[in-house]
Amino acid sequence: MSGTADSARILTVTGEVALGNADEWPGLGPSEPPGPDPAILNLDLEVATDGPGALAPHWAAIRFAWPLPAAGPSSVRVMWMGVEVAFLPVAED
């Protein structure tokens with residue numbers, strides 16, 4: 001996964017997620033409640049299912065875009081089921 005902030009002040013996080021079932025797809029969203037440190041944007045990785053499942057390990061692309069305030073975060077923490085799976089520095093492009 002990677003995190004960047006472009007000149008329009010949009011934070012974009014992209015990457016791939018390993019999934020184990022054909023009916024699964026990933027999503028990223030801001031954690032609720034947000035973390036106590038405004039310098040870190042906490043995101044929750046969620047895996048949704050739809051339709052008949054079949055064991056089919058695969059990688060799925062994921063993308064998250066977030067408008068940044070004037071004092072945006074310096075890091076992004078990605079959590080899955082309460083466990084940190086990635087901690088990314090924010091790079092200005």
Side-chain angles (χ1 to χ4, degrees):
M1 293 187 168
S2 64
T4 61
D6 66 19
S7 60
R9 303 287 300 161
I10 302 292
L11 175 75
T12 304
V13 178
T14 61
E16 292 184 324
V17 177
L19 300 170
N21 212 315
D23 68 340
E24 296 177 331
W25 70 91
L28 274 178
S31 297
E32 289 295 332
D37 185 350
I40 301 172
L41 175 62
N42 291 311
L43 300 178
D44 287 328
L45 170 64
E46 296 183 0
V47 177
T49 59
D50 185 29
L55 185 60
H58 64 282
W59 289 91
I62 194 164
R63 184 177 191 280
F64 175 81
W66 184 260
L68 289 173
S74 59
S75 303
V76 175
R77 175 180 289 127
V78 179
M79 307 286 288
W80 179 64
M81 297 180 67
V83 176
E84 183 180 303
V85 295
F87 191 81
L88 311 166
V90 173
E92 294 284 339
D93 282 347

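Screening Leu43, Ile10, Leu41, Val76 for a side-chain contact (heavy atoms from CB on, under 4.5 Å) with Trp66, the sole residue that qualifies is Leu41.
Here the side chain of Ser74 pairs a donor or acceptor atom with the backbone of Ala39 at under 3.5 angstrom. Of the possible polar contacts, one joining the Arg9 side chain to the Pro69 backbone as a donor-acceptor pair under 3.5 Å is found.
Between Ala60 and Leu19 the shortest heavy-atom distance is CB-CD1, 3.7 Å. Closest approach of Pro26 and Leu45 over heavy atoms only: CB-CD1, 4.1 Å.
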Please list, one pair per line, the donor and acceptor atoms closer than 3.5 Å that link side chains of residues 77-89 to other protein atoms, with sequence neighbours excluded.
residue: Arg77; atom: NE; partner: Glu84; partner atom: OE1; Å: 2.8
residue: Arg77; atom: NH1; partner: Asn42; partner atom: OD1; Å: 3.2

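Connection of Ile62 to Val90 is established within a shared hydrophobic cluster, with ILVMFWY side chains joined at heavy-atom distances below 4.5 Å, either directly or through further cluster members. Transitive grouping of hydrophobic side chains (ILVMFWY, heavy atoms separated by less than 4.5 Å) keeps Phe64 and Trp25 in distinct clusters.
One distance of note links CD of Glu24 with CD of Glu46; it measures 13.0 Å at 0.5 Å rounding. Between the CG atom of Leu28 and the CG atom of Asp44 there is a distance of 8.5 Å, given to the nearest 0.5 Å.
Using a 4.5 Å cut-off on side-chain heavy atoms (C-beta onward), Pro73 and Asp37 make no contact.
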